[in-house]
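Take a look at the structure below.
Note on naming: letters A, B, ... go to the chains in the order of the sequence lines (proteins, then strands), and numbering restarts at 1 for each one.
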Amino acid sequence: MNNKKLYITTTLPYVNAEPHIGHALEFVQADAISRYFKSKLGKENVFFNVGTDEHGQKMFKKAQEEGLEIQEFVNKYAQRFKDFCKLFFVDYDFFYRTSDENHHKAAQEFWKRCKEKGDIYKKRYSGKYCVGCERYITEKELVDGKCPDHGTEPEEKDEENYFFKLTNYKDHLLKWLDSNPEVLKPKQKREELKRIIEEIEDISISRLRENLPWGIEVPDDPEQVFYVWFDALTNYVNVIGFGTDEEKLNEWWPGIQLFGPDNLRFQGVIWQGMLASVGLDHSQKLLEHGMVLGPDGTKMAKTKGNVISPFDQEEKFGAEIVRFYLLVGIPTFSDSAYKEDDLINMYNSRLANNFGNLLNRVIHLAQSKGVEINKEELVEQDFKRKVDSMREEIESYYNDYEIALAAGKIDELADWGNKYITEKEPWSKELDFDTCQNILNNLGYLLKTVIELYSPIVPESCSKAKIALERNEKIILFNKI
RNA sequence: CGCGGGGUAGAGCAGUGGCAGCUCGUCAGGCUCAUAACCUGAAGGUCGUUGGUUCGAAUCCAACCCCCGCAACCA
C-alpha cells in the first residue's frame with residue numbers, strides 16, 4: 001500500500017463467446033479485492049474496472065456467422081458480460097467497452113505518443129497469419145502446415161504494417177523485473193516472464209483496413225487499423241484519464257492487474273513496453289490467477305465433456321456459493337480442479353456449520369437470556385486483543401491479495417469462537433447474568449469481525465448477517481446443501 | 001532433450017536442513033445453546049523412484065518415472 005488510492009482492473013474478455021468459469025474466477029477475485037480495499041480505504045479511494053474487448057478479425061467473422069451487424073453482435077455479448085457481473089455480485093465502478101468512441105480517441109492518442117517517441121515504424125511483412133491467434137506464425141511453429149494452437153491453416157499475407165519497437169525496451173524491462181521482484185504474483189512465474197522478455201521481438205500493431213474493416217483507424221493513415229491487442233491494452237489507463245485528464249491519471253496509476261495464465265506475455269511484457277514508451281510507470285502489481293480445470297483435473301474442453309458453466313453452477317447452488325468456492329475452495333494463484341463435491345463439503349463445513357451456526361447459537365442465546373450483544377464496552381480486553389490480532393493476520397493476507405488464505409484464517413477465528421462458547425457454556429443456568437452478558441458480547445465482537453472480513457467473499461450473506469446481529473434476530477444464514 | 005508448474009494420509013493442500021502438519025472424510029467418546037450442529041480423542045504417510053551431499057533431507061544436488069499447463073470453446 002503505497003498511497004491512499006487503489007486502482008484494480010481485470011483483463012477485457014474477448015466477446016466472441018459466452019462468459020466461462022475462468023472469467024468468473026478473474027472477475028470475482030478482482031471484486032473481492034476491490035471490496036476489501038473499499039472497506040479499508042473508503043469507497044471513493046478504490047476504482048474497479050472491468051470490460052470487454054470488441055475488435056479484431058475473429059469478432060468480425062463470428063458476427064458474419066451469426067448474421068448480425070458487428071456492432072449489434074458485440075452489444076449482445078457485452079450485455080451478457082454485464083448480466084454475468086450482476087449475477088455474481090461483481091460490483092464494478094466502470095464497464096469498459098473498446099467499441100466506445102472515447103476508447104478510439106484515447107487509443108489513437110496512445111499511438112501518437114508512441115510514434116512521437118520513435119517507437120512505431122512501418123515495415124513490409126509477408127508470412128502466414130492465423131486468424132485464431134490474431135498473429136503471424138513462423139514456419140518453425142507450424143505443425144503439418146497448420147497452426148499448433150488452432151489446427152487451422154494460416155492465411156498467406158503480404159502487407160505493409162506498423163510495428164512497435166518492443167525490442168527498445170528489452171533491457172529496461174529486465175531491469176524493471178529484477179528491481180521489482182514482487183511485482184508479479186505468484187513468484188514461481190517470474191522466471192517464465194523473464195524468459196519471455198529475453199525473447200522479445202518487435203510486434204506488428206496494425207492491419208490493412210481492406211482486410212479488417214472492424215477496428216480503430218491509425219492516426220494519419222486511414223488505410224490501416226489497430227491490431228486488436230494494441231488498442232485493447234490501452235484501456236487500462238484510458239479509463240482513468242489517459243489523454244484526457246492527466247491529473248486523474250496520476251492519482252490512480254499505477255494499478256493492479258489481474259489476468260489468466262495465457263495472458264502473461266501481453267500484460268507482463270507488451271503492455272509494460274507500451275507504458276514505458278509513453279512514459280508511464282509500470283503496473284503496480286500483476287496478479288496471475290490459476291486455471292480452473294475440469295473435475296478430472298485436466299483442462300476443460302467440450303470434446304472431453306468436462307466443461308463447468310458458471311451459469312449452470314449458479315442455477316444449481318446460487319451465486320454466492322459459487323463465488324465462495326472459486327475464491328476459497330481453489331488456490332488463488334495456482335491451477336485447480338473444480339469439483340462439486342468439494343464445493344458442497346467446503347460450503348457446509350466452513351460457512352454453514354462453522355460461521356453460520358456460531359452466529360445462530362449466539363443470537364439464540366442472547367435472545368433467550370435477554371442480553372444485548374452489541375456493547376463493545378462489555379468486551380473483555382484479553383478477548384478483544386486475541387480477535388484483533390487474528391484480524392491483523394487476516395488483513396495482511398488480504399493486503400497481499402491472498403484471498404483463499406485470508407478465508408482460511410477467518411474460518412480459524414470462527415472455529416475458535418465455537419471452542420470458546422463450548423468451554424464457557426453461556427447456556428448454563430449456573431451462570432450469573434453479567435458473566436453471561438460478557439461472554440455473549442465477546443462472541444458478538446468476534447462475529448462482527450468475522451462478518452466484516454468475510455464480506456468481500458460472500459457480500460450478500462454478510463450484509464444479512466450484519467443486520468441480524470445488530471437487531472438480535474435469529475437467522476439461518478447458510479442453508480446446508 | 002521446446003518452455004514452465006507439480007507429485008506429502010481416502011480427497012484437497014501447507015510445509016526451503018532439526019520429532020511429518022492443516023481442512024474435509026472415517027472411527028470412538030462428550031456436550032446439548034445451535035443448522036443432525038458443536039467439543040475432545042483416535043486410526044490413517046517407506047513425503048513419486050533411485051543414488052548423492054550432510055551429524056541430520058519432504059526440504060539441497062543428479063538421474064529417471066508419472067501428471068498438468070503453455071496449446072486445439074477459452075483465462
Proximity of A:Phe230 and A:Tyr227 rings by center, below 6.0 Å:
no
Ring pair (Phe, Tyr, Trp, His ring centres under 6.0 Å) with [X]: which residues, sequence neighbours excluded?
| X | value |
| --- | --- |
| A:His172 | A:His282 |
| A:Tyr96 | A:His103 |
| A:Phe383 | A:Trp416, A:Tyr420 |

Counting only Watson-Crick or G-U wobble pairs whose two distances fall under 3.5 Å, which nucleotide matches [N]?
| N | value |
| --- | --- |
| B:U54 | none |
| B:C19 | none |
| B:C64 | B:G48 |
| B:A28 | B:U40 |

For the C1' atoms, the ones on B:G29 and on B:G45, what distance do you get once it is rounded to whole angstrom?
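About 26 Å, rounded to a whole number of Å.
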Side chain of [X] only, please: which of [options] is the nearest?
| X | options | answer |
| --- | --- | --- |
| A:Lys299 | B:A71, B:U35, B:G12 | B:A71 |
| A:Asn360 | B:U35, B:C68, B:C3 | B:U35 |
| A:Leu293 | B:C13, B:C31, B:C68 | B:C68 |
| A:Glu192 | B:C68, B:C24, B:G4 | B:G4 |

If you compare every side-chain N and O of A:Arg361 against the phosphate oxygens of B:U35 (OP1, OP2), does one of them come in below 4.0 Å?
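No, no such contact exists.
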Would you indicate, yes or no, if B:G4 has its OP1 or OP2 atom less than 4.0 angstrom from a side-chain nitrogen or oxygen of A:Lys189?
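Indeed not, no polar side-chain atom of A:Lys189 lies that close.
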A:Glu314: what forms a side-chain hydrogen bond (donor to acceptor under 3.5 Å, both in side chains) with it, not counting sequence neighbours?
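A:Glu314 satisfies side-chain hydrogen bond (donor to acceptor under 3.5 Å, both in side chains) with no other residue.
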Can you list everything that forms a side-chain hydrogen bond (donor to acceptor under 3.5 Å, both in side chains) with A:Glu288? Sequence neighbours excluded, please.
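For A:Glu288 the side-chain hydrogen bond (donor to acceptor under 3.5 Å, both in side chains) partners, ignoring immediate neighbours, are A:Lys189.
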Interface with RNA chain B, restricted to residues 317-334 of chain A and to heavy atoms under 4.0 Å:
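Contacting residues: none.
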Between residues 446-460 of chain A and RNA chain B, which residues have a heavy-atom gap below 4.0 Å?
none
Nearest nucleotide by nearest heavy atom, which residue falls closer to the 5' end of RNA chain B, A:Asn353 or A:Asn263?
A:Asn353
Would you mind telling me which residue lines up with the more 5' stretch of RNA chain B, A:Val362 or A:Lys62, judged by nearest nucleotide?
A:Val362
Which side-chain N or O atoms in residues 465-476 of chain A pair as donor and acceptor under 3.5 Å with protein atoms at least two apart or in another chain?
unit_1: A:Asn472; atom_1: ND2; unit_2: A:Val371; atom_2: O; d: 3.3
unit_1: A:Lys474; atom_1: NZ; unit_2: A:His364; atom_2: ND1; d: 2.9

Mind listing the N/O atom pairs, protein and nucleotides 39-45 of chain B, below 3.5 Å?
unit_1: B:C39; atom_1: OP1; unit_2: A:Asp415; atom_2: OD1; d: 3.1

Side-chain donor/acceptor pairs under 3.5 Å, residues 76-85 of chain A, sequence neighbours excluded:
unit_1: A:Lys76; atom_1: NZ; unit_2: A:Glu66; atom_2: OE1; d: 3.1
unit_1: A:Tyr77; atom_1: OH; unit_2: A:Glu66; atom_2: OE2; d: 3.1
unit_1: A:Gln79; atom_1: NE2; unit_2: A:Asp83; atom_2: OD1; d: 2.9
unit_1: A:Arg80; atom_1: NE; unit_2: A:Glu18; atom_2: OE1; d: 3.0
unit_1: A:Arg80; atom_1: NE; unit_2: A:Glu18; atom_2: OE2; d: 3.2
unit_1: A:Arg80; atom_1: NH2; unit_2: A:Glu18; atom_2: OE1; d: 2.5

If you count the non-hydrogen atoms of other residues, nucleotides and ligands that lie under 6.0 Å from CD in A:Glu380, is the total more than 12?
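Check passes, neighbour count above 12.
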Solution key, residues 450-457 of chain A side-chain donor-acceptor pairs under 3.5 Å, sequence neighbours excluded:
unit_1: A:Glu452; atom_1: OE1; unit_2: A:Arg391; atom_2: NH2; d: 3.1
unit_1: A:Glu452; atom_1: OE2; unit_2: A:Arg391; atom_2: NH1; d: 3.2
unit_1: A:Tyr454; atom_1: OH; unit_2: A:Asp411; atom_2: OD1; d: 2.8
unit_1: A:Ser455; atom_1: OG; unit_2: A:Ile451; atom_2: O; d: 2.9

A:Thr234 vs A:Trp229 side-chain heavy atoms within contact, under 4.5 Å:
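A:Thr234 vs A:Trp229: side chains apart.
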Residues forming a side-chain contact (heavy atoms from CB on, under 4.5 Å) with A:Asp178, sequence neighbours excluded:
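Checked A:Asp178 against side-chain contact (heavy atoms from CB on, under 4.5 Å); matches are A:Lys194.
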